[in-house]
Undergrad: 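Sending over a structure as structure tokens; questions will come in a sec.
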Protein chains: 2
Amino acid sequence: MAQIKNFRFEELLDKHHLKKTGARLRVLSMMYSKNTATSQPDLESVMSDIDRVTLYRILNVFEEKGIIHKVFDLNGTANYAVCHADCGENHHHDEHLHFNCTNCKNVYCLDELHMPRLNLPEGFKADSFTLYASGLCPKCSKKNASSVN
Amino acid sequence: MAQIKNFRFEELLDKHHLKKTGARLRVLSMMYSKNTATSQPDLESVMSDIDRVTLYRILNVFEEKGIIHKVFDLNGTANYAVCHADCGENHHHDEHLHFNCTNCKNVYCLDELHMPRLNLPEGFKADSFTLYASGLCPKCSKKNASSVN
DNA sequence: TTATAAATGCAACATAATTACATTTAGATT
DNA sequence: AATCTAAATGTAATTATGTTGCATTTATAA
């Protein structure tokens, strides 16, 4: 996953009729190289040469196209992670567990834990589900065990 | 639920060692009278005489005390709903489904649908879970069916 | 009645996100 | 290769949400 070649991203942009720009390729590259979700502020801190608004727009268009999906962290900030489900134009199926670490603040997508079937009360028509958990991620629970910080 | 008397709220504040102020009683009264979650902007639009910051602080202290719990809506805005589980000081158990209507934006707590047991991957230590869904609530799905709006 | 910790009000600040419009550019067309 | 155009980006301003520090007021305990 950390070694995805650039031409793969170019194909991906082509597939969605998006122009292959440097900014978009860099955003894709960063997002695919991590196993945690990414926010606009995250991107901005790394890619300070790209305008804030451009980064917001890139995230939005990628979400519309079904390339990434949105999940809010404990602060209510929008974070995005690459879709591994078969998501498409305005149609997401990322019904897995999102784990937000209260220590390092990272949001992990635990794709292996997906939603159980639920019978909603009369009248409710759901078109998307998400599972959300918060607590300590492996790295931080290990740290907390050793040091008392 | 819509008819909870004021002295009940006074008892509730007493129980948590919070002073019985007008602002707090009004916030409690409003939140208990609705079956949907409430945000600071919601409160502010109704109680414009109370300072914004005071409303934020009331919501925060109620959450700390386990009187209400927080859930983010589709815009990432913090919404709060009364706890029906046995929540206490910094310890919530509101592990039920939160339904966000994409039309009217209301957040409903569907207490009857709670979290299934999950086996998290090695190392993840969760201390809270939430189920989240979005779609149309009963009112809005009925409207959409009749009118083509 | 009074003393005081708690609660509120107010001003300033911080951060996330959006909008409008000008400029640049990827990529198609010739 | 030169040119054209819709798409993408940059810039500035604005809005929304939330927080912090400090002065003032108030609920309530003594």
Side-chain angles (χ1 to χ4, degrees), chain A residues 6-7 9-29 37-65 67-80 89 100 105 107, chain B residues 6-7 9-29 37-65 67-80 89 100 105 107:
Chain A
N6 223 36
F7 68 83
F9 298 138
E10 300 199 350
E11 276 173 22
L12 186 58
L13 292 175
D14 261 344
K15 179 177 143 192
H16 291 286
H17 311 294
L18 297 172
K19 290 187 181 175
K20 290 163 243 169
T21 66
R24 286 176 176 170
L25 289 169
R26 285 165 68 192
V27 169
L28 283 178
S29 171
T38 309
S39 65
Q40 182 279 336
D42 292 339
L43 292 173
E44 195 181 349
S45 71
V46 175
M47 309 177 190
S48 52
D49 55 317
I50 302 175
D51 191 81
R52 305 174 50 258
V53 181
T54 300
L55 295 174
Y56 276 115
R57 285 194 277 231
I58 288 174
L59 291 171
N60 285 336
V61 73
F62 283 2
E63 197 205 4
E64 279 167 24
K65 296 293 187 178
I67 299 172
I68 61 180
H69 61 277
K70 172 157 69 173
V71 52
F72 291 106
D73 64 21
L74 290 166
N75 304 315
T77 305
N79 280 247
Y80 297 87
E89 200 89 9
N100 200 165
K105 315 301 180 195
V107 175
Chain B
N6 225 36
F7 69 82
F9 298 139
E10 301 198 351
E11 275 174 21
L12 186 58
L13 292 176
D14 261 344
K15 179 177 142 193
H16 291 287
H17 312 295
L18 297 172
K19 290 188 179 172
K20 291 163 247 169
T21 67
R24 284 174 177 170
L25 289 169
R26 285 165 67 193
V27 170
L28 282 177
S29 172
T38 308
S39 64
Q40 183 279 335
D42 292 340
L43 292 172
E44 196 182 349
S45 71
V46 175
M47 309 178 191
S48 52
D49 55 315
I50 303 174
D51 192 81
R52 295 168 10 77
V53 181
T54 300
L55 295 174
Y56 277 114
R57 285 194 277 230
I58 288 175
L59 291 171
N60 285 336
V61 74
F62 284 1
E63 196 205 3
E64 280 167 25
K65 296 295 188 177
I67 298 172
I68 60 180
H69 61 278
K70 173 157 67 173
V71 52
F72 291 106
D73 65 19
L74 291 166
N75 305 313
T77 305
N79 280 247
Y80 297 86
E89 200 89 9
N100 201 165
K105 315 300 180 196
V107 176

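Chain letters run A, B, ... following the sequence lines, proteins first and then strands; every chain starts at 1. Values below: every heavy atom of this structure, side chains too, minus hydrogens, waters and symmetry copies.
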Undergrad: Ser48(A) side chain to Ser45(A) main-chain N or O, any donor-acceptor pair under 3.5 Å?
TA: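 Judged by distance alone, no pair lies under 3.5 Å.
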
Undergrad: Grab the CG-P distance between Leu74(A) and dA16(C) for me, whole Å please.
TA: 14 Å

Undergrad: Polar atom pairs between nucleotides 21-27 of chain C and protein, under 3.5 Å, N or O only, would you list them?
TA:
from, atom 1, to, atom 2, distance (Å)
dA26(C), N3, Lys19(A), NZ, 3.4
dG27(C), OP1, Lys20(A), N, 3.0

Undergrad: For a 4.0 angstrom threshold against heavy atoms of chain A, report the outermost contacting nucleotides of DNA chain D in 5' to 3' order.
TA: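 First and last nucleotides in contact are dA6(D) to dA12(D).
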
Undergrad: With sequence neighbours excluded, what pairs up with Asp14(B) under the side-chain contact (heavy atoms from CB on, under 4.5 Å) test?
TA: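 Lys20(B).
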
Undergrad: Taking only residues two or more places apart in sequence or in another chain, which ones pass side-chain contact (heavy atoms from CB on, under 4.5 Å) with Arg52(A)?
TA: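 Per chain and number, Arg52(A) pairs via side-chain contact (heavy atoms from CB on, under 4.5 Å) with Gln40(A), Glu44(A), Tyr56(A).
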
Undergrad: Can you check whether Asn79(A)'s main-chain N or O pairs, donor with acceptor, with Asp73(A)'s side chain at less than 3.5 Å?
TA: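 Side chain of Asp73(A) to backbone of Asn79(A), a donor-acceptor pair under 3.5 Å: no, none is there.
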
Undergrad: For Arg24(B) and dG9(C), give me the distance from atom CZ to atom P, rounded to whole Å.
TA: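 In whole Å, dG9(C) P lies 11 Å from Arg24(B) CZ.
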
Undergrad: Kindly write out the residues that satisfy side-chain contact (heavy atoms from CB on, under 4.5 Å) with Thr21(B), not counting sequence neighbours, or none if the list is empty.
TA: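 Applying side-chain contact (heavy atoms from CB on, under 4.5 Å) to Thr21(B) gives Lys19(B), Ala23(B), Arg24(B).
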
Undergrad: For the pair made of NE2 in His17(B) and P in dA6(C), what is the distance, rounded to whole Å?
TA: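 In whole Å, dA6(C) P lies 12 Å from His17(B) NE2.
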
Undergrad: So, are Arg26(A) and Asp49(A) salt-bridged, with charged N and O less than 4.0 Å apart?
TA: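 Salt bridge between Arg26(A) and Asp49(A), a charged N being under 4.0 Å from a carboxylate O: yes.
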
Undergrad: Please work out which residues in residues 44-56 of chain A have a non-hydrogen atom less than 4.0 Å from an atom of DNA chain D and list them by number.
TA: Ile50(A), Asp51(A), Val53(A), Thr54(A)

